[in-house]
Protein chains: 2
Amino acid sequence: MSLRHALLGLLATQPATGYELAQKFDKSLGTAWHASHSQIYPELARLADAGMVEVVGEGARNSRTYAVTEAGYDEIRTWLIETDANRSQRNETAVRWFLLGLLKPEDRRAAVDRELAYAEEYVANLRQIAEQIDAANPEHPFRKTVDLGLRTSSVMQDWLREQR
Amino acid sequence: MSLRHALLGLLATQPATGYELAQKFDKSLGTAWHASHSQIYPELARLADAGMVEVVGEGARNSRTYAVTEAGYDEIRTWLIETDANRSQRNETAVRWFLLGLLKPEDRRAAVDRELAYAEEYVANLRQIAEQIDAANPEHPFRKTVDLGLRTSSVMQDWLREQR
DNA sequence: AATTGACATGTCGAACTTGACACGTCGAGC
DNA sequence: GCTCGACGTGTCAAGTTCGACATGTCAATT
């Protein structure tokens, strides 16, 4: 179950409320995994039961801020180093790109242009995130992942242009 | 529901049995979507009910070969050109890479080496597929997707090496 | 003749995910 | 004082996916 580790990872970077985690999923980890609040809250409760996270503060509007415990950090470490990765993927964009070759040239062009427009948007978003991180803390552990995203996006954009 | 379109896409390339489709999911489309036979058979039946695929042959061991109908091809086309992509993703490998930055240097090294070993394997597999396609039919609609895979893999390998 | 392994299809329960519904708080602007 | 929008947590039904169980065929080896 990656949701668990994704949550632990986000909390390891910085303590947060369930609400904030839901936002971070879309903002930073969204390329890798998506989860909505209806999954996040119950999973946070289970993680707290398991002693992997703990409430470190309560704020307005009944909010609870969680942080990773030692046990939680161990869980991340074990998962990354000792467990075999589940390589399962689900990427609708990739399915679409796969099927591009089945279309007639004029249809393909329309589909490719759509994808290029989206890619443009996506890269702009990544650049913005990169700037935000650089301004706040260039040593942020996720900074390098943003770079990876930018590099692969560049390859993908080139490829899409060739498919027009 | 992308499973449906993934199946239609694979069948559009070449008629196949449910069993063959399950293999192709791992072999070619596996990077983009995974589905096991327990999903594939029922979905094929639904597609047949909807008139998007039809049985074009029956072989040994009660096997049925399906092919895409005109209606099925229309469905692919409409999906690619007119529907908005669902950008949701689930990629455990990416989650792992994201969390790499949280590890201590020596731990990170171990995790990165694991990932590099897997990437090596993955690229070797892609190269083999590329050769097979080139030998059989270099114009195969999926050939270009294999190239994309190779290019992005190369970027990812470079990135992983930098994280050691 | 028996065994083994790939071929081939199918079902079912458990687990996961999504999207809608539900409730309430706080701050800013009118 | 009221309204609106963001903040914040929660549940539940419906749909999707996974893994295990189940059944049987065919070809090649022992």
Side-chain angles (χ1 to χ4, degrees), chain A residues 1-8 10-11 14-27 29-50 53 55-67 83-92 94-95, chain B residues 1-8 10-11 15-27 29-30 32-50 53 55-66 83-92 95:
Chain A
M1 190 195 343
S2 297
L3 171 61
R4 160 161 299 200
H5 300 104
L7 284 174
L8 284 171
L10 288 175
L11 285 178
Q14 189 176 5
T17 65
Y19 185 84
E20 288 167 336
L21 286 169
Q23 292 179 310
K24 287 188 186 189
F25 253 100
D26 285 338
K27 217 188 75 183
L29 208 55
T31 325
W33 206 271
H34 176 75
S36 48
H37 76 277
S38 54
Q39 266 184 287
I40 292 171
Y41 289 119
E43 186 60 32
L44 273 177
R46 278 189 290 272
L47 282 167
D49 277 349
V53 301
V55 176
V56 293
E58 304 192 5
R61 281 166 271 199
N62 297 317
S63 74
R64 290 178 302 272
T65 300
Y66 288 90
T83 33
D84 261 331
N86 171 359
R87 303 289 171 182
S88 84
Q89 304 203 333
R90 213 171 307 149
N91 181 335
E92 194 179 300
V95 173
Chain B
M1 189 194 346
S2 296
L3 172 62
R4 160 160 298 200
H5 300 104
L7 283 174
L8 285 171
L10 287 175
L11 285 178
T17 66
Y19 185 84
E20 289 167 334
L21 288 169
Q23 292 180 309
K24 287 188 186 189
F25 254 99
D26 285 338
K27 218 188 75 184
L29 207 57
W33 206 269
H34 175 75
S36 49
H37 76 276
S38 55
Q39 267 184 286
I40 291 171
Y41 288 119
E43 186 60 32
L44 273 177
R46 278 189 290 272
L47 281 167
D49 277 349
V53 301
V55 176
V56 292
E58 303 191 5
R61 282 168 269 199
N62 297 317
S63 75
R64 289 179 303 270
T65 300
Y66 289 89
T83 31
D84 261 331
N86 172 359
R87 303 289 170 183
S88 84
Q89 303 203 335
R90 214 171 306 151
N91 181 336
E92 194 180 301
V95 173

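Throughout, protein chains are lettered first and strands after them, A, B, ... in sequence-line order, and every chain is numbered starting at 1. Since the model is a prediction, treat every value here as computed from it, not as a measurement. We use all heavy atoms of the structure for the numbers below, so side chains are in, but hydrogens, waters and symmetry mates are not.
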Could you state the CZ-C1' distance from B:F25 to D:dT17, rounded to the nearest angstrom?
12 Å

Where is the tightest heavy-atom contact between A:P42 and A:H37, given as atom of each residue plus distance?
CD-O, 4.1 Å

Nucleotide nearest A:Q23 (side chain, heavy atoms from C-beta), chosen from D:dG8, D:dA20, D:dC7
D:dC7

Do the side-chain N or O atoms of B:Y41 get closer than 4.0 angstrom to the phosphate oxygens (OP1, OP2) of C:dG10?
no

Output the single nucleotide from D:dT9, C:dC12, D:dC12 whose closest atom is nearest the side chain of B:S38.
C:dC12

Where B:W33 and A:N91 come nearest, the two heavy atoms and their spacing
CE3-N, 3.6 Å

Tell me the interatomic distance from B:E20, atom CD, to C:dA8, atom C1', rounded to whole angstroms.
10 Å

B:Y19 side-chain N/O to C:dT9 phosphate OP1/OP2 under 4.0 Å:
no

Regarding the side chain of A:R90, the nearest nucleotide among D:dT17, C:dA6, D:dG8 is D:dT17

For the side chain of B:H37, counting heavy atoms from C-beta on, which of D:dT9, C:dT18, D:dC21 is nearest?
D:dC21

Nearest heavy atoms of B:A6 and B:L29, plus distance in Å:
CB-CD2, 3.5 Å

Report the nucleotide, chosen from C:dT17, C:dT9, D:dC26, that has the shortest atom-to-atom distance to any side-chain atom of A:Q39.
C:dT17

Counting side-chain heavy atoms from C-beta on, which of C:dT18, C:dA8, D:dC7 comes nearest to B:R61?
C:dA8

Minimum heavy-atom distance between A:G18 and A:Y41, given as atom pair plus value:
CA-CE2, 3.7 Å

Separation of atom CD1 in B:I40 from atom C1' in C:dA8, rounded to whole Å
12 Å

The residue, A:N62 or A:W33, whose nearest nucleotide of DNA chain C is more 5′ is A:W33

Counting only side-chain nitrogens and oxygens, does A:R4 get under 4.0 Å of the OP1 or OP2 atom of C:dC16?
no

Given atom NE2 of B:H34 and atom C1' of C:dC16, what is their separation to the nearest angstrom?
15 Å

